[in-house]
Chemist: 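Handing you a structure now.
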Amino acid sequence: MKKISRRSFLKIFGTGAAATAVTLTGCKNAQEQAAADDYEHQVEPPKGKMTYRTNPNGNEKVSLLGYGMMRLPYVGGAEKDENSEIDQEQVNHLVDYALEHGVNYYDTSPVYCQGKSETATGTALHRHPRNSYYVATKLSNFDEATWSREESMKMYHNSFKNLQVDYIDYYLLHAIGMGGMDALNGRYIDNGMLDFLVEERKAGRIRNLGFSYHGEIEVFDYLLSQHDKYHWDFVQIELNYLDWDYANEINERNTDARYLYGELQKRHIPAVIMEPLLGGRLANVPQYIVKEMKQRNPDHSVASWAFRYAGTPDGVLTVLSGMTYMEHLKDNLLNYCPLKPVSKEETAFLYEMARHLVKMETIPCNDCKYCMPCPYGIDIPAIFVHYNKCKNEGTLPVDRQDPQYRKYRRQYLIGLDRVVPRERQPDHCIQCGQCEQHCPQNIKIPRELAKIDEFIESLKNPHQDITSTKL
């Protein structure tokens, strides 16, 4: 079998959840309608009310809401293939609105949006004074072909060109931990790139140097142990009310945010937060949790609970959100203009909701698409998103004695065909395992695809026993 390269992956990395979300709204269910209702009476966010945090390195005032440029809008509304074009006019409009309301932190990467994000971000920001925004980008040399000093340097210098800047405010080693210490050494140490980046910071071409973390905890711990040598200005971690105590319980290879944040606090390193919504999972919680949240705060969205939680800790510098649509941007601005920190009572409530979510046993997929492309064309994230959606809604057809079983069975199969073409469904998986090594959530992807395939076959064949498949 021909092994697909990470270079091919980089061409499509960063495809947002927006395409899946748009597809799923073709026929709104109760959960999706509730999400739409959140925005129906949305008020205009106030100007001049943004909450800012101070970066101790230079005392920069950074907006608590950061714009993640990973899920940008496309011409026609959704990305269809690698030839899809980003809707630059819409990106400009979103960035203009964000800047008007105080958002000054913009996070991108050479590999987001099929390699188009940096250029789109640079085009939008270059229209504004350089001192009105901070731009963050990364050395995203995932593919072993880009580990060489020559290729890594090329990626570094291209970022300046694409972003149209002569200095970068926040520069990151991208997703350290994936591949363990071997990958860290190959990507940044053995080729001298980390030492080079430290020198670039001294020269002023990088203002703040840090890293984002996914994967093996030994890499995170090692880099923090080298803080006296490298003087990390910030670190980007995944933090939300589910991952605070349950990241490791959801997957034993993940690390709880309580530990990650605590280690940064010990060293007084500011935290940049990613995945406050867990790829949208915390905006699409089961209906009984929605009702609980609405009873406590009827005027705010379900997502607002997660954003307020992520922004409350003092050590958080900014919270990143990939905002494809104006409704998402306005909702997040309402959360941070200004921030109303979660109270102790609200925090206890969220932790109780987290305990319920852990028991749901959904697949911990954030729809980040690090696992893509599959060499056999399987749409792994869309399969998992559809499964989790039905699981959260309580419409997964697992009990044949349930009076609603036939209805739920039909909905699951028709819904799957609607969002995932037949040739991209899990029955085409050959268990090669290429996807698993790239998953930041450490999901055993081939195993989960096999379980879902068995489940689908049981739905198609009413005589097949489904009790052997744990769902």
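Residue numbers count from 1 along this sequence. What you are looking at is a predicted structure, and each value in this text was computed from that prediction instead of being measured.
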Chemist: Between the side chains of Asp453 and His428, is a donor N or O closer than 3.5 angstrom to an acceptor N or O?
Modeler: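 The criterion, which ignores hydrogens and geometry beyond distance, is not satisfied for His428 and Asp453.
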Chemist: Does either side chain, that of Asp417 or that of Gln425, offer a donor lying less than 3.5 Å from an acceptor on the other one?
Modeler: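 Checked: Asp417/Gln425 side chains pair up, N/O donor to acceptor below 3.5 Å.
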Chemist: Between atom CE of Met372 and atom SG of Cys435, what is the distance when rounded to the nearest 0.5 Å?
Modeler: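 With rounding to 0.5 Å, CE (Met372) is 9.5 Å from SG (Cys435).
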Chemist: Measure the acute angle between the ring planes of Tyr412 and Tyr387, then classify it against the limits of 30° and 60° as parallel, tilted or perpendicular.
Modeler: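 Ring orientation of Tyr412 relative to Tyr387: perpendicular.
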Chemist: Side chain to side chain donor-acceptor pair (under 3.5 Å) with Tyr309: which residues, sequence neighbours excluded?
Modeler: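 Only Tyr351 meet the side chain to side chain donor-acceptor pair (under 3.5 Å) criterion with Tyr309.
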Chemist: Mind checking what makes ring pair (Phe, Tyr, Trp, His ring centres under 6.0 Å) contact with Phe384, not counting sequence neighbours?
Modeler: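 Not a single residue meets the ring pair (Phe, Tyr, Trp, His ring centres under 6.0 Å) criterion with Phe384.
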Chemist: What's the separation between atom OG in Ser321 and atom CZ in Arg71, rounded to the nearest 0.5 Å?
Modeler: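 Reported value, rounded in 0.5 Å steps: 8.5 Å.
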Chemist: Determine yes or no for a side-chain-to-main-chain donor-acceptor pair under 3.5 angstrom, with Tyr230 supplying the side chain and Leu209 the backbone.
Modeler: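 Not at all, since once roles are kept as given, no pair shorter than 3.5 Å links the two residues.
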Chemist: Can you list everything that forms a ring pair (Phe, Tyr, Trp, His ring centres under 6.0 Å) with Tyr133? Sequence neighbours excluded, please.
Modeler: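 For Tyr133 there are no ring pair (Phe, Tyr, Trp, His ring centres under 6.0 Å) partners, ignoring immediate neighbours.
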Chemist: Which heavy-atom pair separates Leu277 from Ala306 by the least distance, and what is that distance?
Modeler: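 Looking at all heavy atoms of both residues, the closest pair is CD2-CB, 3.6 Å.
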Chemist: For residues 161-168, which side-chain donor-acceptor pairs fall under 3.5 Å, sequence neighbours excluded?
Modeler:
| residue | atom | partner | partner atom | Å |
| --- | --- | --- | --- | --- |
| Asn162 | ND2 | Glu118 | OE1 | 3.2 |
| Asn162 | ND2 | Asn158 | O | 3.3 |

Chemist: Once you round to the nearest 0.5 Å, how far does CD of Glu89 lie from CG of Asn92?
Modeler: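 Between atom CD of Glu89 and atom CG of Asn92 there are 7.5 Å.
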Chemist: Rounded to the nearest 0.5 Å, how far does CG of Asn57 lie from CZ of Arg201?
Modeler: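 If we round to the nearest 0.5 Å, Arg201:CZ and Asn57:CG are 7.5 Å apart.
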Chemist: Do you know which of Phe211, Phe234, Trp232 makes ring pair (Phe, Tyr, Trp, His ring centres under 6.0 Å) with Tyr170?
Modeler: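 Of the listed options, the one satisfying the test is Phe234.
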Chemist: Going by ring pair (Phe, Tyr, Trp, His ring centres under 6.0 Å), name the residues that satisfy it together with Tyr156, two or more places apart in sequence or in a different chain.
Modeler: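 Scan of Tyr156 (ring pair (Phe, Tyr, Trp, His ring centres under 6.0 Å), adjacent residues dropped) gives Phe160, Tyr171, Phe196.
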Chemist: Hey, what do you get for CG (Asp243) to CG (Asp256), rounding to the nearest 0.5 Å?
Modeler: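 Result: 7.5 Å between the selected atoms.
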Chemist: Can you tell me if CD on Glu352 sees more than 12 non-hydrogen neighbours from other groups inside 6.0 Å?
Modeler: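 Atom CD in Glu352 is packed in, count exceeds 12.
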Chemist: Is there a donor-acceptor contact under 3.5 Å from the side chain of Arg149 to the main chain of Asn191?
Modeler: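 At least one qualifying donor-acceptor pair exists.
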Chemist: Any luck finding a side-chain donor-acceptor pair between Asn332 and Tyr67 under 3.5 Å?
Modeler: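 Looking only at side-chain atoms, Tyr67 and Asn332 do not form any donor-acceptor pair under 3.5 Å.
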Chemist: Can a donor-acceptor pair be found, under 3.5 Å and without considering hydrogens, that links the side chain of Ser63 to the backbone of Asn104?
Modeler: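 Indeed, once roles are kept as given, a pair shorter than 3.5 Å links the two residues.
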Chemist: For residues 130-140, which residue pairs pass the salt bridge (charged side-chain N to carboxylate O under 4.0 Å, His left out) check, not counting sequence neighbours?
Modeler: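 Residue pairs passing salt bridge (charged side-chain N to carboxylate O under 4.0 Å, His left out), neighbours aside: Asp107-Lys138, Arg130-Asp169.
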